[in-house]
Amino acid sequence: MPEIFRQYGFLFMFFSKEHEPIHVHVKGKDGDAKFNLVGDKFELYEAHNIKMQDLKRIERAINENTDIIIKRWEEYFNSDND
């Protein structure tokens, strides 16, 4: 479960056995969400038990770190971590 970063009390990560498209999972104490890369921007795919205000913060954090998320994904899945 590679961690990308933490912000606003949420963990931004992906699982070690993932699938396309590039996406990021976000976990908090009460819920979780998943954002898929669509074109050059991440979009909410699903969310469970996360308040709208927190989703907006999460989306902002993802947009500010899009390059880092994509880079970490490519580094991890284009290496020999299988």
Side-chain angles (χ1 to χ4, degrees):
M1 179 172 82
E3 179 178 327
I4 304 168
F5 60 92
R6 291 177 186 259
Q7 194 168 349
Y8 305 121
F10 291 95
L11 168 64
F12 295 75
M13 46 78 70
F14 51 82
F15 295 103
S16 59
K17 301 287 185 185
E18 285 286 22
H19 54 83
E20 296 288 335
I22 294 174
H23 59 276
V24 60
H25 294 273
V26 182
K27 298 208 177 272
K29 67 177 184 167
D30 296 324
D32 59 86
K34 178 180 173 184
F35 288 78
N36 287 342
L37 183 64
V38 178
D40 61 350
K41 186 175 180 180
F42 282 92
E43 295 181 2
L44 180 64
Y45 178 75
E46 63 184 346
H48 307 281
N49 299 321
I50 298 181
K51 297 174 185 173
M52 185 57 70
Q53 179 181 351
D54 287 331
L55 281 173
K56 289 179 183 180
R57 286 186 185 124
I58 290 166
E59 187 172 14
R60 183 173 45 243
I62 290 172
N63 288 334
E64 291 171 355
N65 293 285
T66 294
D67 293 343
I68 293 168
I69 295 167
I70 293 170
K71 180 180 178 188
R72 289 289 309 277
W73 178 284
E74 291 175 347
E75 287 173 352
Y76 192 85
F77 292 107
N78 291 332
S79 68
D80 293 329
N81 289 325
D82 297 322

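For this chain, numbers begin at 1 and follow the sequence in order.
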**Complete:** When every non-hydrogen atom of His23 is compared with those of Asn36, the smallest separation belongs to CB-OD1, 3.1 Å
**Prompt:** Going by heavy atoms in the side chains, are Tyr8 and Ile58 under 4.5 Å from each other?
**Reply:** no
**Prompt:** Same cluster for Leu44 and Val38 if Ile/Leu/Val/Met/Phe/Trp/Tyr side chains link at under 4.5 Å?
**Reply:** no
**Prompt:** How long is the span from the NZ atom in Lys29 to the CD1 atom in Ile50, to the nearest 0.5 Å?
**Reply:** 12.5 Å
**Asked** Any chance OH of Tyr45 has more than 12 other-residue heavy atoms, nucleotides or ligands included, within less than 6.0 Å?
**Response** no
**Prompt:** Just how far is it from atom OG1 of Thr66 to atom NZ of Lys41, taken to the nearest 0.5 Å?
**Reply:** 9.0 Å
**Request:** Please name all residues satisfying salt bridge (charged side-chain N to carboxylate O under 4.0 Å, His left out) with Glu3, sequence neighbours left out, ordered by chain then number.
**Result:** Arg6
**Prompt:** Heavy-atom count around Glu64 CD within 6.0 Å, excluding the residue itself: above 12?
**Reply:** yes
**Asked** What distance separates Lys34 NZ from Lys27 NZ, expressed to the nearest 0.5 Å?
**Response** 11.0 Å
**Request:** Kindly give the heavy-atom pair with the smallest separation between Gln7 and Ala61, and that separation in Å.
**Result:** OE1-CB, 3.5 Å
**Asked** What are the two closest non-hydrogen atoms of Glu59 and Phe42, and how far apart are they?
**Response** OE2-O, 4.5 Å
**Request:** Given side chain to side chain contact (heavy atoms under 4.5 Å, CB included), test Asn65 with Ile4 step by step and report yes or no.
**Result:** CA-CA 10 Å; Asn65 293 285; Ile4 304 168; over 6 Å; no
**Request:** Kindly determine whether Phe5 and Arg72 satisfy side chain to side chain contact (heavy atoms under 4.5 Å, CB included), including the steps that lead there.
**Result:** CA-CA 10 Å; Phe5 60 92; Arg72 289 289 309 277; over 6 Å; no
**Complete:** Distance col, row Asp32:CG vs Glu46:CD, nearest 0.5 angstrom, shows 7.0 Å
**Min side-chain heavy-atom separation Ile69-Leu37 under 4.5 Å** = no
**Request:** Please list all pairs passing the ring pair (Phe, Tyr, Trp, His ring centres under 6.0 Å) test where one or both residues lie in residues 49-69, with sequence neighbours left out.
**Result:** none
**Asked** Which atom names give the shortest non-hydrogen contact between Ser16 and Pro2, and what distance separates them?
**Response** N-CD, 3.9 Å
**Message:** Over 60° means perpendicular and under 30° means parallel, so tell me whether Trp73 and Phe77 are parallel, tilted or perpendicular.
**Reply:** tilted
**Prompt:** Backbone N or O of Phe15 within a donor-acceptor pair of the Glu18 side chain at under 3.5 Å?
**Reply:** yes
**Message:** My understanding is that only residues two or more places apart in sequence, or in another chain, count here; which of them pass salt bridge (charged side-chain N to carboxylate O under 4.0 Å, His left out) with Lys71?
**Reply:** Glu75
**Request:** Test Asp54 against Phe10 for side chain to side chain contact (heavy atoms under 4.5 Å, CB included), laying out the working first.
**Result:** CA-CA 9 Å; Asp54 287 331; Phe10 291 95; 3.8 Å; yes
